[in-house]
Amino acid sequence: MLLKNILTTGSFNISSQIIIFAVEIFIARMLIPEDFGAFALSLIVIELLSIFSFKYVGLSYIQDQNDTESDLISMVIFSFAISMFLTFVSLYFVENIATFWGGDVFVNSYSAFVYILPVMTLEFIFRSSVLKRKAYFFNGLSEIFSVLAYAVCVITLVYNDFGFLSLIYAYMLRQLLKLVLLFYFTIKEQRFFVTPNFVRLTRLNKMTIALMMQNLFLFFSANTDKYFVNLAAGASGVGLYTRALKLLKVPLNQIVNNVSSVLYVEYSKYQNNHIYLKRNFIITNFLLCLLFLPAITILNIFAYDIVIYIYGIKWIAMVPVLKVLSFGAVISCISITFGDLLKSQGIVYKELFSNIASLIILVITSLLFYKSYGLTGIAWAYVSSQVVFLLLQLKLVSKVVQLAYFSYFRLLILPTFISVIFIIIYSSLSTRFSFTLMVCTLFLTYLFPWAFLYLIFRRSNCKNNVEKMILKLCFIKIDSREDL
């Protein structure tokens with residue numbers, strides 16, 4: 001049943017992300033980077049305010065086993081009142097905020113967008129209520145319907161020259177429709193219009209405040225670089241930077257999140273079997289490096305052509321930023337598998353230290369680079385922070401799996417060698433042969449190691465033989481006593 005629920009939720013979420021990703025690529029040719037930047041600047045502030053709207057009481061509500069009928073309506077009224085207060089206060093001070101965040105572009109977009117804050121707050125609470133009742137299918141269905149409405153709305157508005165307002169109005173429609181559907185399900189399945197009891201909410205305060213502080217830290221970790229991007233290049237720079245990061249992270253995260261959901265369960269199940277953890281950690285990370293490193297090499301080679309083909313000539317300034325961010329995005333995704341192993345061992349607070357150190361490095365390097373190097377400098381600051389985070393996590397992981405700290409880097413030998421081959425092939429063919437032939441040659445070279453591993457898997461009758469072969473390719477020797 002658990003696997004069925006995960007697959008149901010996951011399939012809806014993946015479908016929604018693919019639809020949004022495809023639609024935004026389609027409309028990017030008709031909009032300019034500043035339009036996406038204006039949308040992103042406003043959404044970041046709204047997401048920050050939503051953290052303080054007490055919407056995370058919804059998660060506390062899911063965890064609470066002693067809930068009553070009055071709890072839901074009490075949460076709704078309380079959070080709605082706070083979110084409305086935050087809406088009008090922020091609207092009153094919008095010009096003050098704009099002096100250090102987006103300028104006139106932010107004022108114009110935020111003045112239209114801020115009214116979505118109460119809707120987002122209520123949507124989160126009603127979604128928590130629906131999930132508490134294990135209505136995963138209906139929750140996913142409401143997400144798909146709202147995303148389809150978003151797609152139709154944003155394309156229509158873009159064709160009618162609404163500019164950045166296309167993104168804002170379509171997003172507002174999406175959130176509002178999802179709220180209506182979740183509200184409909186809630187009043188259908190339980191009594192909602194009862195007398196509220198606000199005193200009972202105090203028992204949820206401790207967990208709600210803890211979640212608020214945790215998400216506040218995660219918010220600043222995820223958005224500090226956007227602040228410096230805004231300082232360096234304004235709304236247009238934010239549009240270029242966020243679109244480049246999304247172009248990289250959507251496909252990478254889909255792969256890693258699917259792997260991660262399995263890894264965490266397996267690592268938790270065999271958390272005391274360090275031999276099993278060591279072998280599978282090495283194999284998983286090697287395969288991810290073999291998949292990602294040659295891929296970003298190809299991306300860096302054809303970055304100009306990719307940007308022109310997907311976004312159009314208006315987005316050509318994205319090329320150098322995309323190249324640099326590709327390294328940070330890959331490191332970020334690989335570090336997720338490190339986190340799965342650490343969480344399976346109950347190592348949470350030490351991992352939090354890695355997050356704090358990464359954030360400090362991001363702030364320091366951004367301060368050093370943004371004036372002199374602009375967007376590219378901030379992209380390198382992002383890469384630096386991810387490298388620090390990975391190295392600190394590796395120090396923790398190496399103790400868990402009893403792997404020498406520098407031995408991990410042997411996993412990179414074969415993927416790096418293949419990447420170098422790509423560069424040599426490109427240098428040899430780029431001036432002599434057609435673009436199509438060059439792309440086909442690189443693609444076939446990329447598939448070769450995977451075809452080799454597949455043949456080994458098909459011909460081997462023993463799983464251990466396949467694992468031993470992969471470990472040899474990792475250049476990591478494991479004592480025979482460690483064979484499973």
Side-chain angles (χ1 to χ4, degrees), residues 14-44 102 104-106 108-110 112-113 144 146-175 226 229-230 232-254 295-296 298-326 329 374-376 378-379 434-436 438-439 443:
I14 291 173
S15 300
S16 299
Q17 290 299 316
I18 290 173
I19 293 170
I20 293 171
F21 186 60
V23 168
E24 290 182 351
I25 285 178
F26 176 74
I27 63 174
R29 288 181 166 272
M30 293 175 278
L31 298 174
I32 59 175
E34 187 172 316
D35 292 327
F36 282 94
F39 173 79
L41 286 169
S42 295
L43 184 59
I44 287 171
D104 291 337
V105 174
F106 171 74
N108 294 333
S109 61
Y110 189 76
F113 204 5
I144 284 291
S146 64
V147 165
L148 290 174
Y150 166 84
V152 173
C153 181
V154 75
I155 292 173
T156 303
L157 292 174
V158 167
Y159 269 112
N160 286 278
D161 298 323
F162 275 75
F164 69 86
L165 291 174
S166 307
L167 299 167
I168 290 174
Y169 292 153
Y171 187 87
M172 293 174 78
L173 175 65
R174 174 188 169 191
Q175 295 296 322
K226 280 82 168 180
V229 169
N230 172 61
S236 180
V238 173
L240 290 168
Y241 188 90
T242 54
R243 297 312 304 170
L245 206 53
K246 190 165 187 177
L247 182 63
L248 293 164
K249 282 203 166 185
V250 166
L252 290 176
N253 283 347
Q254 294 304 326
I296 65 167
I298 294 176
L299 183 142
N300 273 265
I301 290 172
F302 297 112
Y304 177 87
D305 303 282
I306 290 170
V307 171
I308 292 295
Y309 179 77
I310 294 178
Y311 287 118
I313 193 67
K314 292 182 292 186
W315 294 80
I316 197 64
M318 181 194 290
V319 174
V321 180
L322 183 68
K323 288 182 177 182
V324 176
L325 285 177
S326 63
L375 290 182
T376 308
I378 298 166
S434 67
F435 178 80
T436 304
M438 186 170 54
V439 171
F443 182 69

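The line from CG of Leu41 to OG1 of Thr242 is 8.5 Å long, rounded to the nearest 0.5 Å. Once rounded to the nearest 0.5 Å, the distance linking OG1 of Thr376 with CG of Leu325 reads 9.0 Å. In this structure, CD1 on Ile301 lies 11.0 Å from CD1 on Ile296, to the nearest 0.5 angstrom. Here the straight-line distance linking atom CD1 of Ile310 with atom CG of Asp305 works out to 11.0 Å at 0.5 Å rounding. With rounding to the nearest 0.5 Å, the separation of OH in Tyr304 from CD1 in Ile306 is 13.0 Å. In this structure, the separation between CD1 on Ile20 and CD1 on Ile25 is 12.5 Å, given to the nearest 0.5 Å.
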**Request:** Determine, stepwise, if the pair Val105 / Phe164 fulfils side chain to side chain contact (heavy atoms under 4.5 Å, CB included).
**Result:** CA-CA 10 Å; Val105 174; Phe164 69 86; over 6 Å; no

**Message:** Using the rule given for side chain to side chain contact (heavy atoms under 4.5 Å, CB included), can you reason through Ile316 versus Val319, listing the C-alpha separation, both sets of side-chain angles and the distance that settles it, and then say yes or no?
**Reply:** CA-CA 6 Å; Ile316 197 64; Val319 174; 3.9 Å; yes

**Message:** Would Met318 and Tyr241 count as a side chain to side chain contact (heavy atoms under 4.5 Å, CB included) here? Give the steps.
**Reply:** CA-CA 7 Å; Met318 181 194 290; Tyr241 188 90; over 6 Å; no

**Message:** Assess the residue pair Leu148 and Ile19 against the criterion (side chain to side chain contact (heavy atoms under 4.5 Å, CB included)); give the C-alpha distance rounded to whole Å, side-chain angles, the decisive distance to 0.1 Å, and a yes or no.
**Reply:** CA-CA 8 Å; Leu148 290 174; Ile19 293 170; 4.0 Å; yes

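Nearest heavy atoms, Met30 versus Val158: CB-CG1, 3.6 Å. Taking each heavy atom of Ser42 and Ser109 in turn, the nearest pair found is OG-OG, 2.5 Å. Nearest heavy-atom pair, Leu173 versus Cys153, reported as atom, atom and distance to 0.1 Å: CD2-CB, 3.7 Å. Between Gly374 and Ala232, the closest heavy-atom pair is CA-CB, 4.1 Å. Contact detail for Ala112 and Leu165: the closest heavy-atom pair is CB-CD2, 4.1 Å. Between Val229 and Val238, the closest heavy-atom pair is CG1-N, 3.5 Å.
For the side chain to side chain donor-acceptor pair (under 3.5 Å) with Tyr150, the qualifying choice from Gln175, Glu24, Arg174 is Glu24, the only one to do so. Partner of Leu240 under the side chain to side chain contact (heavy atoms under 4.5 Å, CB included) criterion, chosen from Tyr311, Trp315, Phe36: Trp315.
Ring planes of Tyr171 and Phe113: perpendicular class, angle over 60° (limits at 30 and 60°).
With Asn230 contributing its side chain and Lys226 its backbone, the two residues share no donor-acceptor pair below 3.5 Å. A distance-only check finds a donor-acceptor pair linking the side chain of Ser166 to the backbone of Gly163 [under 3.5 Å]. Here the side chain of Ser16 pairs no donor or acceptor atom with the backbone of Val147 at under 3.5 angstrom.
The salt bridge (Lys or Arg N to Asp or Glu O under 4.0 Å) search around Lys323 returns none, not counting sequence neighbours. For the side-chain hydrogen bond (donor to acceptor under 3.5 Å, both in side chains) test, residues two or more places apart in sequence or in another chain that qualify with Ser326 are Asn300.
A heavy-atom distance below 4.5 Å is found between the side chains of Leu167 and Leu31.
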